[in-house]
Visitor: 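Below is the structure I would like to discuss, written out as structure tokens.
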Amino acid sequence: IPYKDAGIEQTWEFAHPNNKKVTGPLEKFKKMIYSENYQLLIGHENYEIIVLNESKNINENNQPLSKIKNEYNHSDFGATEIKDIPRVKKIAVPHLVNSWKNIPHVTHHDEADITEMEEFRNSLRDTFTGERRKITSLAFIIKALVSTLKKFPTFNSSIEDIDKGKMTIKKYYHIGIAVDTPHGLMVPKLRNVNNKNIDLISKELKTTSEKCRNLKIDKKEFFGGSMTITNLGGIGGSFFTPIINYPEVAILGIGRSSKKNIYYESKYQTRMMLPLSLSYGHRIIDGAEAARFCNGLKENLGKDFAYKLAV
């Protein structure tokens, strides 16, 4: 919307979402943005068009954009079937859209050498029976993530009040785990994992996943997380872009580990490598901090630290 020249003090014209046009000094409307959520469009020959607090798609006349309709029906080309979207997925839709719209996502990709961790995990035996203990690798990753969060507390924050210039740093460590169920994706939290050993975390992963699949989990368990892990390693794939679980500021995606020929300790060796995909909110976390976070996570999953994780 073009500004109006008012002599020494420039007066700007803004459009409210309800087609209400108002004029006044720029500083006045900056305050209105935070207090009344005005739709701000600033036009000036020396600046790009700026859009803040966009609540819906509008055209140049400040009217909602109409959806593009298909010229033909799908049934015109063959048999089709209309099905209801599962209830859990319908519940997730507004949360996913909210996260994607309000968090500027960037994904950092890396690989962690988990050779020694896997050797140690596969060597675990029951003290009394001597049988191999089945401890999921995700339990080790959760423990390593918590150790990394302690070193990088910004990743353990929430941004409900970011428009007020505030973020909430959490002193607890509740890790969200994306669980694939027949009803849709659920993200329950494992509470206070910093105080639990690998064996207990592994058991809680199993029981919590079962509660989700049987729809027996309490709604409160989906809230109050520090950071989320989504693990596709059991299905397949390497790198991807996971969507952050708002109001958290980061999510860790895990791909399927594989053996690779890596230059290690002055020679090429076969090592077990784990794909990492770290999505983070760029308003709170910058690229250098994300890279350092991944380096810390790789160290916590590496040769010297893997054994300590079992304590």
Visitor: Check for a donor-acceptor pair, side chain of Ser158 on one end and backbone N or O of Glu160 on the other, with a separation under 3.5 Å.
Guide: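 Not at all, since once roles are kept as given, no pair shorter than 3.5 Å links the two residues.
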Visitor: Out of curiosity, Leu301 CG to Glu118 CD, how far, rounded to the nearest 0.5 Å?
Guide: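 These two atoms lie 10.0 Å from each other.
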Visitor: Report, as yes or no, whether the 6.0 Å neighbourhood of atom OH on Tyr72 holds more than 12 heavy atoms from other residues, nucleotides or ligands.
Guide: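 Open: at most 12 neighbouring heavy atoms sit under 6.0 Å from OH of Tyr72.
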Visitor: Could you check whether any side-chain N or O of Asp113 sits under 3.5 Å from a backbone N or O of Thr115, counting only pairs where one atom can act as donor and the other as acceptor?
Guide: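 Present.
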Visitor: Any chance you could measure Leu200, atom CG, to Lys143, atom NZ, to the nearest 0.5 Å?
Guide: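 Between atom CG of Leu200 and atom NZ of Lys143 there are 9.0 Å.
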Visitor: Does a side-chain N-to-carboxylate-O contact under 4.0 Å join Glu289 and Arg292?
Guide: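 Not counted as a salt bridge, because no side-chain N and carboxylate O are separated by less than 4.0 Å.
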Visitor: Quick one: are Glu221 and Arg191 in side-chain contact, heavy atoms under 4.5 Å?
Guide: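 Yes, their side chains come closer than 4.5 Å.
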Visitor: Rounded at 0.5 Å granularity, tell me how far NZ in Lys166 sits from CG in Asp161.
Guide: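 The CG atom of Asp161 is 9.0 Å from NZ of Lys166, to the nearest 0.5 Å.
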Visitor: Taking all non-hydrogen atoms of both residues, which atom of His282 and which atom of Ile285 are closest, and how far apart?
Guide: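 Of all heavy-atom pairs spanning His282 and Ile285, the closest is ND1-O, 3.0 Å.
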Visitor: Whether the side chain of Asn98 engages the backbone of Pro94 through a donor-acceptor N/O pair (distance < 3.5 Å, no angle test) should be reported.
Guide: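 No; zero donor-acceptor contacts below 3.5 Å.
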Visitor: How close do Ser277 and Pro242 get, counting heavy atoms only, and between which atoms?
Guide: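 In this case the closest contact between Ser277 and Pro242 is O-CG, 3.8 Å.
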Visitor: From the options Ile141, Asn194, Leu149, Thr228, select the one residue that forms a side chain to side chain contact (heavy atoms under 4.5 Å, CB included) with Ile175.
Guide: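 Among Ile141, Asn194, Leu149, Thr228, the one that satisfies the side chain to side chain contact (heavy atoms under 4.5 Å, CB included) with Ile175 is Leu149.
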Visitor: Taking Ser157 for the side chain and Pro153 for the main chain, is one N or O donor matched with an acceptor at less than 3.5 Å?
Guide: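 A pair under 3.5 Å: no.
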Visitor: What is the ring orientation for His109 with Phe239, classed by angle as parallel under 30°, tilted 30 to 60°, or perpendicular over 60°?
Guide: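 Correct class here is perpendicular.
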Visitor: Kindly determine whether Val88 and Thr181 satisfy side chain to side chain contact (heavy atoms under 4.5 Å, CB included), including the steps that lead there.
Guide: CA-CA 10 Å; Val88 171; Thr181 79; 5.6 Å; no
Visitor: What class does the angle between the rings of Tyr172 and His174 fall in, given that below 30° is parallel, 30 to 60° is tilted and above 60° is perpendicular?
Guide: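 Tyr172 vs His174 ring planes: parallel.
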Visitor: Can you tell me if Ser99 uses its side chain to pair, donor with acceptor, with the backbone of Leu96 under 3.5 Å?
Guide: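 Looks like no, no N/O pair under 3.5 Å.
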Visitor: Check whether Lys189 reaches the backbone of Ser226 with its side chain - one donor and one acceptor, N or O, closer than 3.5 Å.
Guide: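 Side chain of Lys189 to backbone of Ser226: no pair is present.
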Visitor: How about Asn102 and Ile162: do any of their side-chain heavy atoms sit closer than 4.5 Å?
Guide: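 A side-chain contact is absent here, since even the closest heavy-atom pair is not under 4.5 Å.
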Visitor: According to a hydrophobic-cluster definition based on side-chain heavy atoms being under 4.5 Å apart (Ile, Leu, Val, Met, Phe, Trp, Tyr only), do Trp100 and Val93 belong together?
Guide: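 In one cluster with Trp100: Val93, no.
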Visitor: Are Ile103 and Phe240 connected, step by step, through hydrophobic side chains (Ile, Leu, Val, Met, Phe, Trp, Tyr) whose heavy atoms are closer than 4.5 Å?
Guide: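 Ile103 does not cluster with Phe240.
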Visitor: Looking only at heavy atoms, what is the nearest atom pair of Tyr264 and Glu116, with distance?
Guide: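 So the minimum-distance heavy-atom pair works out to OH-OE2, 4.3 Å.
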Visitor: Answer whether the closest heavy-atom distance between the side chains of Glu81 and His74 falls below 4.5 Å.
Guide: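 No, too far: nothing below the 4.5 Å cut-off.
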Visitor: Can you check side chain to side chain contact (heavy atoms under 4.5 Å, CB included) on Ile135 and Ile201, steps first, answer last?
Guide: CA-CA 9 Å; Ile135 306 294; Ile201 292 173; over 6 Å; no
Visitor: What I'd like to find out is whether the side chain of Ile142 reaches to under 4.5 Å of the side chain of Ile177, using heavy atoms alone.
Guide: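 With C-beta onward as the side chain, the pair touches.
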Visitor: Step by step, work out the side chain to side chain contact (heavy atoms under 4.5 Å, CB included) result for Leu215 and Met186.
Guide: CA-CA 10 Å; Leu215 300 178; Met186 300 185 188; 3.3 Å; yes
Visitor: Minimum heavy-atom separation for Ala290 to Tyr280, with atom names?
Guide: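 Result for this residue pair: CB-CE2, 3.4 Å.
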Visitor: So, taking the atom named OG in Ser258 and the one named CZ in Arg271, what distance separates them when rounded to the nearest 0.5 Å?
Guide: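 If I round to the nearest 0.5 Å, the distance is 13.5 Å.
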Visitor: Is Phe222 reachable from Ile159 through a run of I, L, V, M, F, W or Y residues, each pair having side-chain heavy atoms under 4.5 Å apart?
Guide: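 The answer is no; the residues belong to distinct hydrophobic clusters.
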Visitor: Does CD1 in Ile85 sit with more than 12 non-hydrogen atoms of other residues, nucleotides or ligands closer than 6.0 Å?
Guide: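 Result for CD1/Ile85: open.
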Visitor: For the hydrophobic clusters of this structure (ILVMFWY residues joined by side-chain heavy atoms under 4.5 Å, transitively), does one cluster hold both Ile251 and Leu138?
Guide: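 Yes; tracing contacts between hydrophobic side chains, which count when under 4.5 Å, links both residues.
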Visitor: Cluster question for you: counting only ILVMFWY and a side-chain heavy-atom cut-off of under 4.5 Å, with indirect links fine, are Val187 and Leu232 together?
Guide: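 Not linked; separate clusters.
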Visitor: Might you point out which heavy atoms bring Ala178 and Leu185 nearest each other, and give the distance in Å?
Guide: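 The pair with the smallest heavy-atom distance is CB-CD1, 3.9 Å.
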Visitor: May I ask you to test the Phe140-Asn300 pair for a side-chain heavy-atom distance under 4.5 Å?
Guide: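 Side-chain contact under 4.5 Å: no.
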Visitor: For atom CD of Glu131, is the number of surrounding heavy atoms from other residues, nucleotides or ligands below 6.0 Å larger than 12?
Guide: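 For Glu131, atom CD is not crowded (no more than 12 foreign heavy atoms under 6.0 Å).
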Visitor: Are the side chains of Lys211 and Val179 in touch, meaning some heavy atoms are under 4.5 Å apart?
Guide: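 When only atoms from C-beta onward are counted, Val179 and Lys211 do not touch, as no gap falls below 4.5 Å.
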Visitor: Please find the pair of heavy atoms, one from His108 and one from Cys294, that lie closest to each other, and give the distance.
Guide: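 So the minimum-distance heavy-atom pair works out to CD2-SG, 3.5 Å.
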Visitor: Got a donor-acceptor contact below 3.5 angstrom from the Asn70 side chain to the Asn73 backbone?
Guide: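 No; judged by distance alone, with no hydrogens or angles, the pair does not exist.
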Visitor: Glu111 and salt bridge (Lys or Arg N to Asp or Glu O under 4.0 Å): which single residue from Lys298, Arg256, Lys260, Lys259 fits?
Guide: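 For Glu111, the salt bridge (Lys or Arg N to Asp or Glu O under 4.0 Å) test succeeds with only one of Lys298, Arg256, Lys260, Lys259, which is Lys260.
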Visitor: For Asn261, look at atom CG and say whether over 12 heavy atoms of other residues, nucleotides or ligands are found less than 6.0 Å away.
Guide: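 For Asn261, atom CG is crowded (more than 12 foreign heavy atoms under 6.0 Å).
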Visitor: Using the salt bridge (Lys or Arg N to Asp or Glu O under 4.0 Å) criterion, which residues pair with Lys203? Sequence neighbours excluded.
Guide: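 So Lys203 forms a salt bridge (Lys or Arg N to Asp or Glu O under 4.0 Å) with Asp199.
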Visitor: Atom CZ of residue position Arg132 - does it have more than 12 heavy atoms of other residues, nucleotides or ligands inside 6.0 Å?
Guide: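 Counting other residues, nucleotides and ligands, CZ of Arg132 exceeds 12 neighbours.
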Visitor: Without swapping roles, check the side chain of Asp126 against the backbone of Thr129 for a donor-acceptor pair under 3.5 Å.
Guide: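 Pair found, side chain donor or acceptor close to backbone of Thr129.
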Visitor: Please round to the nearest 0.5 Å and tell me the distance separating atom OG of Ser147 and atom CD of Glu299.
Guide: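 Going from the OG atom of Ser147 to the CD atom of Glu299 covers 10.5 Å.
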Visitor: Say you draw a straight line from OG of Ser202 to CZ of Arg121; how long is it, rounded to the nearest 0.5 Å?
Guide: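 If I round to the nearest 0.5 Å, the distance is 9.0 Å.
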Visitor: Any chance you could lay out the side chain to side chain contact (heavy atoms under 4.5 Å, CB included) test for Ile114 and Ser137, step after step, and finish with the verdict?
Guide: CA-CA 10 Å; Ile114 59 169; Ser137 60; 5.9 Å; no
Visitor: Less than 4.5 Å apart, any side-chain heavy atom of Ser279 and any of Ile243?
Guide: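 A side-chain contact is absent here, since even the closest heavy-atom pair is not under 4.5 Å.
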Visitor: Report yes if some heavy atom in the side chain of Ile254 is under 4.5 Å from a heavy atom in the side chain of Leu276; otherwise report no.
Guide: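 SC-SC contact between Ile254 and Leu276 confirmed.
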